[in-house]
2 protein chains.
Amino acid sequence: MRLPNGLQATENCQTCDLHSEDFFCRLSPEASQALESIKLTNIYPKGAVLFFEEQSPRGVFMLCRGRVKLSVCSADGKMLILRIAEPGELLGLSAVVSDRLYKATAETLETCQVNFIRKEDFLSFLREHGEACFRVAQHLSQNYHTAYVQIRSLGLSHSALEKLARLLLDWCRGNGTQTEQGIRLKLGLTHEEIAKMIGTSRETVSRLFSELKGREAIHLKGSTLIIRDTAALEAITN
Amino acid sequence: MRLPNGLQATENCQTCDLHSEDFFCRLSPEASQALESIKLTNIYPKGAVLFFEEQSPRGVFMLCRGRVKLSVCSADGKMLILRIAEPGELLGLSAVVSDRLYKATAETLETCQVNFIRKEDFLSFLREHGEACFRVAQHLSQNYHTAYVQIRSLGLSHSALEKLARLLLDWCRGNGTQTEQGIRLKLGLTHEEIAKMIGTSRETVSRLFSELKGREAIHLKGSTLIIRDTAALEAITN
DNA sequence: AGTCGAACGTGACCCGTGTCATGGCATCAG
DNA sequence: CTGATGCCATGACACGGGTCACGTTCGACT
């Protein structure tokens, strides 16, 4: 199960499947309680925007249920998706901590449960709870790491095929389920969105999927994708 | 002046020109003293490697004097420069905080003075000093921000020219000095290294500089570059 | 069933740039 | 002076992939 209920999150993190970097987990009872008292729980429908790029930060958003798309946009309308945030993540964290503008736009991909904490409340919470502060640092480290992975993908790839292969292998680790035919995973994104994740065009993504199908490396049926030949993908990424 | 002496760094930060995100500044006397007692000062010659990509972290490096190149390398030898670290930065921070491997290689570009702090010492220092912990979070935020800028540059640019223009404008903000002919800045990197910063080839960088000279946007004499037409560069970046 | 819009597939064309190759121009050691 | 080395400049060429165009498939709704 995903995080079952925001209000109980701090008590039952042993039983939920959130990653260990989840901010809720393993806080002391006092810190947990302080956090409880300053957070505001909201439900957002699909397509809602939590915050916009270049907006001045109002606070941080703890994602409890649902996925959120984080993207940036250039002046001429070209868009790049930074990542898809999963439950357990703290969005807008670096903007609040370093008192800068939000650097990305956060849009829900499905119905989401979100706990909002006002900037001032969050900062004074951090000032009083050193342990939480350390967890924030770890969370930021994690963000930095995913940014680094994307930089590698964008900057070191020789072709769009290589970037796509990297992305698919990444998804395997996160959401893949092993079957006898290969690793199966549900891709909840359109070709258009995949294109925006690897900085290429929709048409190219279509063509690359065709190519990988031709090479028998993958198999597509509807929105379920089966990776038949992991080694082939790894060979592409060198 | 740059950070004049590692041992006095915490006392005279008011007078040094390090950025406000500098980790040394504005710690309480107790925290400063604790930091003093666990740091080890070293001098490295040009070309020395502080740590390698994929190495397990030994500690963090406070850069006091000199510049350090942070780069990543793909399996087939292609290299990408993440950024050039300036005095005041804490290198290897995210690896130590989140207990992962170093994600980049750090190589000195010139003679550098560096304070090293062992991982265990640094973590227990953070545990005992909440204020330092918050500064670490801010520092990581800053790192995340520069990573984000690079992602924008790599992912949203339509051409190598656009990426180069972005890089030059970036340098203007950091190291540029206004003159009557335009903004002058010393480029301490070879074309090869510039190419590795924007993910292109050395030849392309040469060609692009020629093109910008032809457009009268810049002027090159030796290693000093004069930006004659900032607006032209901004137009390129949209 | 039919209709409509969103998402996907694929061909044609052409610009940008990676790669290879060659040569100029510094600095430095012998 | 001469050769070596590192850095920069520039031409030729091939190819990846962005863009435009059009057709197909799929699911949602009436």
Side-chain angles (χ1 to χ4, degrees), chain A residues 45-47 69 74 76-81 107 109-110 153-168 186-215 218-225 236-238, chain B residues 46-47 69 74 76-81 109-110 153-168 186-215 218-225 236-238:
Chain A
K46 174 179 174 176
K69 177 172 79 178
S74 73
D76 64 333
K78 195 175 179 186
M79 179 200 280
L80 186 75
I81 297 180
E107 179 188 340
L109 282 176
E110 53 214 35
S153 169
L154 290 173
L156 291 177
S157 292
H158 300 280
S159 65
L161 182 60
E162 195 173 331
K163 287 188 272 189
L164 182 60
R166 279 215 171 87
L167 185 65
L168 293 181
K186 202 106 181 150
L187 42 93
L189 298 177
T190 67
H191 286 192
E192 182 90 44
E193 289 170 317
I194 294 171
K196 283 171 180 165
M197 291 200 72
I198 61 178
T200 185
S201 67
R202 180 194 62 78
E203 293 93 329
T204 298
V205 171
S206 276
R207 276 187 269 262
L208 294 178
F209 271 127
S210 297
E211 167 145 7
L212 289 176
K213 275 189 278 187
R215 291 197 201 179
I218 65 170
H219 190 256
L220 255 170
K221 180 171 280 183
S223 68
T224 48
L225 180 135
I236 291 170
T237 64
N238 272 333
Chain B
K46 174 179 174 178
K69 177 172 80 179
S74 73
D76 64 334
K78 194 174 177 185
M79 179 199 279
L80 186 75
I81 297 180
L109 282 177
E110 52 213 35
S153 169
L154 290 173
L156 290 178
S157 292
H158 300 280
S159 64
L161 181 60
E162 194 173 333
K163 286 187 273 189
L164 181 60
R166 278 215 172 86
L167 185 64
L168 293 182
K186 201 104 182 150
L187 43 93
L189 298 177
T190 66
H191 287 193
E192 181 91 43
E193 289 170 317
I194 293 172
K196 281 170 182 165
M197 289 200 75
I198 62 178
T200 185
S201 67
R202 182 194 60 76
E203 292 92 330
T204 298
V205 171
S206 276
R207 275 188 271 260
L208 295 179
F209 271 126
S210 298
E211 168 145 6
L212 289 176
K213 275 188 280 187
R215 292 198 201 178
I218 65 170
H219 190 256
L220 254 171
K221 182 172 278 183
S223 68
T224 48
L225 180 134
I236 291 168
T237 64
N238 272 335

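Here is the naming used below: chain letters follow the sequence lines, and residue numbers restart at 1 for every chain. Only a predicted model underlies this, so the values are computations on that prediction, with no experimental measurement involved.
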- Tell me, with the steps shown, if B:Ile236 and B:Glu162 meet side chain to side chain contact (heavy atoms under 4.5 Å, CB included). CA-CA 6 Å; B:Ile236 291 168; B:Glu162 194 173 333; 4.3 Å; yes
- Message: Between B:Glu211 and B:Arg215, is the salt bridge (Lys or Arg N to Asp or Glu O under 4.0 Å) condition met? List the steps.
- Response: CA-CA 6 Å; B:Glu211 168 145 6; B:Arg215 292 198 201 178; 2.9 Å; yes
Can you name the atoms? Protein N/O to nucleotides 25-27 of chain C N/O, anything below 3.5 Å, with the distance.
none

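Between the CD atom of B:Glu192 and the P atom of D:dA9 there is a distance of 13 Å, rounded to whole Å. Going from atom CG of B:Leu156 over to atom P of D:dG18 covers 13 Å, rounded to whole Å. The distance between atom CD of B:Glu193 and atom C1' of D:dG6, rounded to the nearest whole Å, is 12 Å. The separation between B:Leu80 atom CG and C:dG18 atom P is 13 Å, rounded to whole Å. B:Lys196 places its NZ atom 13 Å from the C1' atom of D:dC7, with the value rounded to the nearest Å. Atom NZ in A:Lys221 sits roughly 18 Å away from atom C1' in D:dG27 (whole-Å rounding). At whole-Å resolution of the value, CD in A:Glu211 and C1' in D:dG17 are 12 Å apart. Straight-line distance from the CG atom of A:Leu212 to the P atom of C:dG9: 12 Å, rounded to whole Å.
Distance check, rounded to the nearest 0.5 Å: CG of A:Leu164 to CZ of A:Phe209 gives 5.0 Å. Between A:Met197 atom CE and A:Glu192 atom CD the span is 13.5 Å, to the nearest 0.5 Å.
B:Thr224 has its side chain out of reach of B:Leu187: every pair of non-hydrogen atoms, C-beta onward, lies at least 4.5 Å apart. For the pair B:Leu225/B:His219, no side-chain contact is recorded, criterion being any heavy-atom separation below 4.5 Å from C-beta on. Contact of the A:Glu193 side chain with the A:Leu109 side chain is registered, since non-hydrogen atoms from C-beta on lie closer than 4.5 Å. Inter-residue side-chain proximity for A:Leu212 and A:Leu220 is flagged as unmet; no heavy-atom pair is nearer than 4.5 Å.
Proximity of a side-chain donor or acceptor of A:Ser157 to a complementary backbone N or O of A:Ser153 within less than 3.5 Å is detected.
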- Message: I need a per-nucleotide contact map over nucleotides 10-17 of chain C, read 5' to 3'. Cutoff is protein heavy atoms under 4.0 Å; write B for the base, S for backbone only, - otherwise.
- Response: BBB----S
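Counting non-hydrogen atoms under 4.0 angstrom, A:Lys163 reaches nothing in the nucleic acid.
Side-chain nitrogen and oxygen atoms of B:Lys78 include none within less than 4.0 Å of the OP1 or OP2 phosphate oxygen of C:dG18. For the OP1/OP2 pair of C:dG9 and a distance below 4.0 Å, the side-chain nitrogens and oxygens of A:His191 include at least one atom meeting the criterion.
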